[in-house]
Amino acid sequence: MSKSPTSYSDLADRVVRHYKKTKRDLPWRKNRAAYKVWISEIMLQQTRVAAVIPYYERWFNRFPTVEALANAPLDDVLAHWSGLGYYSRARNIHTSAKELHQHYGGQLPQDAKELRSLPGIGRYTAGAISSIAYGKREPLVDGNVARLLSRVFEIEEDIKSTSAIKQLWELCTKMVPAGSPGEFNQGLMELGALVCLPKNPKCGHCPLEPVCLAHAHDRTGELPVQAKRKKDSDKPLLERDALFVIRRGKILLAHRVPKGLFGGLWELPQTPSRPELAGLLSLSLSFHGKKPGMVHSQVLSHRRLCIRVWPASAEGRTKLAASTSYQALKWYPLSQLTTLGISSASKAIFQNIAELRAINREQQ
DNA sequence: AAGTCGGGGAG
DNA sequence: CTCCCAGACTT
């Protein structure tokens, strides 16, 4: 890495001034209460601003305070996270809320180190809460900041490498100003999100253009250096057979254990192959067709998911076999599925089921 | 240091 | 199709 092209305080001033002038009017910028900053920062992890906004607005109607959140059932919390992905974030928020309610009087601590003791709050989020909500001089580095600073300072190493990450945090630790740390941190991220784009950065609109090494050397297209990611088509295919059965107006659902993939969510009971379904559920099944009623495919971060849905009739009393994936079964009214935590894949399947049933009713 | 954990919008 | 997003946690 090259020597800094200008003083850190000059650089920070440029960022803060530009941020004050051009910042977007986002919901979480109306109110800097620590609880609200916390929830927004968790929702924004690996998630785009546009995707978060409706979830953020809905959240505080149902969970207006840390205490309300601590006292809510996990199903309710996951229902309000349905479709956002990375569901451990919601589980960790719930666990943290109970911890905050019990031991911190419902208040988030101001100290970054103390914040990091809460599940789901890592180095980035602790810095964000501490600086934005409490005005503490704490740095933060996210994907936007890493890209921006790798260009400004011409960091040549892979920005995911331990060495580059260490450099980035050291840089930010030095740069973050005592006077307006929250605005500086948000300003860096805002620049990364709107100006210092991955491709075709808008250097003409950047307050750091005069001091940016990559721009000076016409290398914004080469930086940051990043390892190639795995192509979707190279991800292993996970095929599952799911059971769709309705009895007395209720659909049979399975509750996943609260960890791992889709932890704590509800879905159609599914197994690696169709013959295993009856054993999992202790039911006598007769399938309605030789072909699945529908097939849903979806790409996840590390695999491709393909779920075949098999309509069937069932006899017997459900009893969940010992399972590494499920903790419970439940017959549930199809119309009330919005009150449970379900993934986007399940949401699509349930919607498809509802539409097919509506068509069948019209034809009768 | 590498793997796991979702989902969707942009191009 | 591929790319990447206001990361954290486990192994």
Side-chain angles (χ1 to χ4, degrees), chain A residues 19 23-24 26-29 37-56 78 81-93 95-96 115-129 131-132 139-148 158-166 168-169 172 182 184-194 196-200 224 226-236 238 256 258-265 267 296-305 341-348:
Chain A
Y19 177 69
K23 65 176 177 179
R24 288 171 291 179
L26 299 174
W28 42 90
R29 289 182 179 159
V37 173
W38 171 39
I39 299 302
S40 72
E41 290 301 338
I42 303 291
M43 286 184 171
L44 285 161
Q45 287 169 8
Q46 300 293 287
T47 310
R48 294 173 190 284
V49 163
V52 167
I53 288 174
Y55 287 86
Y56 180 86
L78 288 171
W81 207 269
S82 273
L84 251 194
Y86 289 135
Y87 296 93
S88 67
R89 294 184 294 175
R91 285 181 266 127
N92 285 333
I93 281 176
T95 304
S96 290
L115 285 164
R116 285 194 65 176
S117 72
L118 295 163
I121 298 183
R123 197 173 180 183
Y124 162 81
T125 307
I129 297 171
S131 66
I132 297 171
L140 63 75
V141 177
D142 75 332
N144 287 312
V145 175
R147 181 176 57 254
L148 174 74
D158 184 331
I159 54 170
K160 296 287 177 62
S161 70
T162 306
S163 162
I165 291 171
K166 184 164 178 285
L168 289 163
W169 278 93
C172 286
F184 172 74
N185 285 335
Q186 293 181 86
L188 280 183
M189 295 190 283
E190 190 88 339
L191 274 178
L194 301 180
C196 198
L197 305 174
K199 289 170 187 170
N200 306 316
Q226 242 173 322
K228 289 274 185 217
R229 79 184 54 225
K230 191 170 237 181
K231 292 191 291 188
D232 288 350
S233 52
D234 288 339
K235 295 173 181 175
L238 185 65
R256 297 183 69 97
K259 62 175 195 177
L261 187 62
F262 300 134
L265 302 188
E267 63 186 20
H296 179 80
S297 296
Q298 184 150 346
V299 181
L300 307 179
S301 48
H302 283 78
R303 39 189 134 191
R304 294 173 295 155
L305 198 56
I342 60 176
S343 67
S344 284
S346 292
K347 198 176 290 184

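Protein chains get the first letters and strands the later ones, always in sequence-line order, with residue 1 at the start of each.
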Discussion item. Take a 6.0 Å sphere around CG of A/Asn200 and say whether it holds more than 12 heavy atoms from other residues, nucleotides or ligands.
Written reply: no

Item to complete: Applying side-chain hydrogen bond (donor to acceptor under 3.5 Å, both in side chains), name anything that partners A/Tyr19, two or more places apart in sequence or on another chain.
Response: A/Arg29, A/Gln186

Fill in: Separation of atom CH2 in A/Trp81 from atom P in B/dG7, rounded to whole Å
13 Å

Nucleotides 5-7 of chain C: which of its N/O atoms have a protein N/O under 3.5 Å away?
| residue | atom | partner | partner atom | Å |
| --- | --- | --- | --- | --- |
| C/dC5 | OP1 | A/Arg147 | NH1 | 2.5 |
| C/dA6 | OP2 | A/Asn144 | OD1 | 2.8 |
| C/dA6 | OP2 | A/Asn144 | ND2 | 2.6 |
| C/dA6 | O5' | A/Asn144 | ND2 | 3.3 |
| C/dA6 | O4' | A/Asp142 | OD2 | 2.6 |
| C/dA6 | N9 | A/Tyr124 | OH | 3.4 |
| C/dA6 | N7 | A/Glu41 | OE2 | 3.4 |
| C/dA6 | N6 | A/Trp28 | NE1 | 3.3 |
| C/dA6 | N6 | A/Arg29 | NH2 | 3.0 |
| C/dG7 | OP1 | A/Gly143 | N | 3.1 |
| C/dG7 | OP2 | A/Gln46 | N | 2.8 |
| C/dG7 | OP2 | A/Gln46 | NE2 | 3.3 |

Worksheet entry | Pairwise C1' distance, C/dA6 and B/dG11 [rounded to whole Å] | 22 Å

Practice prompt. Would you mind classifying the nucleic acid contact of A/Leu140 as base, sugar-phosphate or nothing, using non-hydrogen atoms under 4.0 angstrom?
Written response: nothing

Item to complete: Round to the nearest Å and state the distance from A/Met43 atom CE to B/dG6 atom P.
Response: 16 Å

Practice prompt. Identify whether any heavy atom of A/Arg303 sits under 4.0 Å from a base atom; if not, whether one sits that close to sugar-phosphate; answer base, sugar-phosphate or nothing.
Written response: sugar-phosphate

Fill in: Between C1' of B/dT4 and NZ of A/Lys230, the distance in whole Å
12 Å

Practice prompt. Let me know the distance between NE2 of A/His296 and P of B/dG7, rounded to the nearest Å.
Written response: 8 Å

Response to the item:
Those residues at least two apart in sequence (or on a different chain) that pass side chain to side chain contact (heavy atoms under 4.5 Å, CB included) with A/Ala51 are A/Thr47

Practice prompt. Round to the nearest Å and state the distance from A/Phe262 atom CZ to B/dC5 atom C1'.
Written response: 9 Å

Item to complete: Tell me, please, which residues at least two apart from A/Ser40 pass side-chain hydrogen bond (donor to acceptor under 3.5 Å, both in side chains).
Response: none

Practice prompt. Name all residues meeting the side chain to side chain contact (heavy atoms under 4.5 Å, CB included) criterion together with A/Pro198; count only those two or more places apart in sequence or in a different chain, and write none if there are none.
Written response: A/Arg147

Fill in: A/Ser163 or A/Ala345, whichever maps to the more 5' nucleotide of DNA chain B
A/Ser163

Practice prompt. Whole angstrom is fine here: how far is it from CG in A/Leu197 over to P in C/dC3?
Written response: 17 Å

Fill in: Toward the 5' end of DNA chain B, by each residue's nearest nucleotide, A/Ser301 or A/Asp232
A/Ser301

Discussion item. Among A/Leu115, A/Leu140, A/Ile42, exactly one meets side chain to side chain contact (heavy atoms under 4.5 Å, CB included) together with A/Ile129. Which residue is that?
Written reply: A/Leu115

Practice prompt. Using the P atoms only, state how far B/dG8 lies from C/dA8, rounded to an integer number of Å.
Written response: 22 Å

Practice prompt. Name the closest nucleotide to the A/Ser344 side chain, picking from C/dC3, B/dG8, C/dT2.
Written response: B/dG8

Worksheet item: Starting at CG of A/Asn92 and ending at P of C/dA8, how long is that distance when rounded to a whole Å?
Response: 11 Å

Discussion item. Please report the distance, rounded to the nearest Å, between CG in A/Leu261 and P in C/dT10.
Written reply: 16 Å

Worksheet, complete the sentence: Taken in chain and number order and not counting sequence neighbours, the residues that satisfy side-chain hydrogen bond (donor to acceptor under 3.5 Å, both in side chains) with A/Arg123 are none

